[in-house]
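We name chains A, B, ... by the order of the sequence lines, and we start the count at 1 in each one. Quick note: numbers below take in every heavy atom, side chains included, and nothing from hydrogens, waters or symmetry partners.
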Amino acid sequence: MNIQRPRGTFDVLPDEAARWRFVERTARRVAALYGFGEIRTPVFESTELFVRGVGEATDIVSKEMYTFKDGSGRSLTLRPEGTAPVIRAYIENSLGRREKPARLYYIGPVFRYEKPQAGRYRQHHQFGVELIGAASAFADAEIIRMLMHFYGELGIRGAAPVLNSVGCRRCRPGYNAALGAYLLGKAGGLCADCRRRAETNPLRVFDCKQPGCAAVIAAAPRVRDHICAPCGEHFGELLSLLAEAGISFTVRPELVRGIDYYTRTAFEIVAGELGAQNAVGGGGRYDDLVEMLGGPPAPAVGFGTGIERVLMVMREQGVAEPAEGGVEVGVVVWDPAALADGRRAVRALRDAGVAAEMDAEGTSLRGQMRRLDRRGVPFALLIGDSERARGAGRLKEMRTGEEREISLDRVVEELMGRRGRPAGAPGAPAAGGAG
RNA sequence: GUGGAUGUAGCUCAGCUGGUUAGAGCACCUGGUUGUGGCCCAGGUGGCCGGGGGUUCGAAUCCCCUCAUCCACCCCA
């Protein structure tokens with residue numbers, strides 16, 4: 001039996017990698033547009049960081065982490081989400097002292113031990129941003145707008161934010177108590193999971209889709225009616241800022257996210273046709289996290305979006321990435337005596353920055369031409385006996401079939417003059433926007 | 001973690017209730033054109049039928065186990 005990739009992981013092959021590069025390139029461009037700088041943190045961290053940051057009672061921490069001990073017995077964990085590590089780095093490097101609100105973004109893998117399904121993997125990749133040290137509703141609005149902007153740049157249609165306010169450290173305990181009490185009073189109508197949740201983490205019942213629970217939940221007290229006046233104002237302001245920015249959203253009072261650190265704003269972006277995995281991104285405000293992790297108190301907001309989910313939506317919507325340049329010239333040699341001239345030509349082209357290749361495997365002339373054609377290589381440089389005797393080759397433009405003899409030591413010059421002419425040729429920087 | 005479906009060539013799939021050397025299309029290679037691609041034609045390479053065990057004279061086909069993928073739940077990105 002051959003060794004297989006671990007369950008819930010995948011290889012990105014060259015064709016598909018072009019789509020990944022497009023998404024990543026777009027993420028970086030949008031991040032720059034909003035003034036965010038990249039941060040790269042380790043893929044593993046002290047286990048304690050996630051236990052304290054994400055919350056011990058969450059699914060992520062209680063059953064989905066890849067935790068292991070290193071050689072000296074330290075407990076380490078492959079990061080299951082991106083925010084806690086960034087905040088750790090923010091505190092450790094005193095980033096709060098460098099720029100007032102810190103604007104950080106990251107792109108990288110996160111790991112969760114989940115049952116794999118389409119759009120759900122054990123290693124997936126996120127583009128995330130964190131705006132640390134900003135308390136205003138404008139900060140929330142900007143984060144959401146930035147995420148929507150990202151989807152727009154990718155050519156994704158129909159993505160829409162769903163949002164809610166989950167209150168803050170002052171008003172949430174009161175709400176939790178009220179909700180818990182209500183649920184315990186209706187325990188008979190709840191599923192086993194929800195009865196347990198009523199005591200451990202009442203907010204989670206809002207995730208339940210059991211019909212029996214739905215009725216109970218529909219009549220349950222809602223966060224919105226229990227949040228304090230400042231939280232209410234903050235949320236109201238956010239909604240009007242989104243409206244001002246022309247973003248259409250929906251408010252869903254049941255929205256609760258699976259990470260404990262959220263305060264006030266919590267949101268998800270759903271994009272239709274993904275089946276059960278329809279959230280392409282999400283995020284919210286976490287005003288207490290920096291302090292919880294030992295840093296100076298700093299309110300913050302951020303989002304995370306899944307690259308795999310984004311790619312799924314793009315595929316379903318038929319959004320293509322712009323073409324990237326491939327090989328520009330194929331040097332074609334079929335007589336072994338010409339191989340040295342071919343090698344020289346390929347070397348000269350590459351040294352001049354022109355992507356070139358040559359088949360030295362003895363493939364027939366016809367076979368080589370056929371391959372260049374199928375791969376869409378725009379030029380062929382054929383070096384045969386008669387030309388070689390004159391120190392020349394035949395440069396052929398595949399698209400038109402036009403072909404003429406040129407001196408081998410003028411090949412680079414000739415190519416430089418003609419590159420960029422055929423569609424999709426490299427050197428012509430891809431304009432933004434997808435087809 | 002619970003329930004269900006599927007796994008045959010690089011890709012998409014056919015192979016009925018078990019019966020001789022396991023097929024097609026696409027892709028790939030060679031030739032039809034001593035030195036030229038796209039169309040067409042001919043030929044070819046490539047599978048221990050996901051893996052293991054069992055039933056049988058005989059298993060891709062039936063049974064069990066296992067691994068993987070997919071769907072719903074759950075959770076989320």
Indicate, yes or no, whether a donor-acceptor pair under 3.5 Å links the base of B:C76 to the side chain of A:Arg309.
yes
Checking A:Lys396, A:Arg388, A:Arg390 against A:Glu405 for salt bridge (charged side-chain N to carboxylate O under 4.0 Å, His left out), the one that qualifies is A:Arg390
Taking A:Ser46 for its side chain and A:Leu49 for its backbone only, find out whether a donor-acceptor pair lies under 3.5 Å.
no
Need one value for A:Glu387: base, sugar-phosphate or nothing, where a base atom within 4.0 Å counts as base even if backbone is also close, heavy atoms only.
base
Can you establish whether the number of heavy atoms outside A:Phe68 located under 6.0 Å from its atom CZ is more than 12?
yes
Looking at A:Arg394, does any N or O in its side chain come under 4.0 Å of the phosphate oxygens OP1/OP2 on B:U36?
no
Looking at A:Tyr106, I'd like to know if the NZ or CZ of A:Arg40 sits under 6.0 Å from its six-membered ring centre while staying within 45 degrees of the ring's axis.
no
OH/A:Tyr113: more than 12 non-hydrogen atoms of other groups inside 6.0 Å
no
Name the pairs: protein N/O against N/O of nucleotides 39-49 of chain B, kept only if under 3.5 Å.
none

Among B:A77, B:G37, B:C71, the nucleotide that comes nearest once only the side chain of A:Met398 is considered:
B:G37
Surrounding OH of A:Tyr66 (heavy atoms of other residues, nucleotides or ligands, distance under 6.0 Å), is the total greater than 12?
yes
Partner nucleotide of B:U6 by Watson-Crick or wobble geometry (both distances under 3.5 Å)
B:A68
Pick the P atom in B:G53 and in B:A14, then give their distance to the nearest Å.
28 Å
C1' atom, B:U69 versus B:U36: distance in rounded Å?
45 Å
For a quick check, tell me whether the side chain of A:Glu64 and the base of B:G1 share a donor-acceptor pair closer than 3.5 Å.
no
How close or far is atom P of B:C76 from atom CZ of A:Arg252, stated in whole angstroms?
11 Å
Under 4.0 Å, heavy atoms only, any strand: does A:Arg371 hit a base, just the sugar-phosphate, or nothing?
sugar-phosphate
Test item: A:Asn164 side-chain N/O and A:Leu255 main-chain N/O as donor-acceptor pair under 3.5 Å
yes
Protein-nucleotides 2-6 of chain B N/O pairs under 3.5 Å:
from: B:U2; atom 1: O4; to: A:Lys115; atom 2: NZ; distance (Å): 2.9

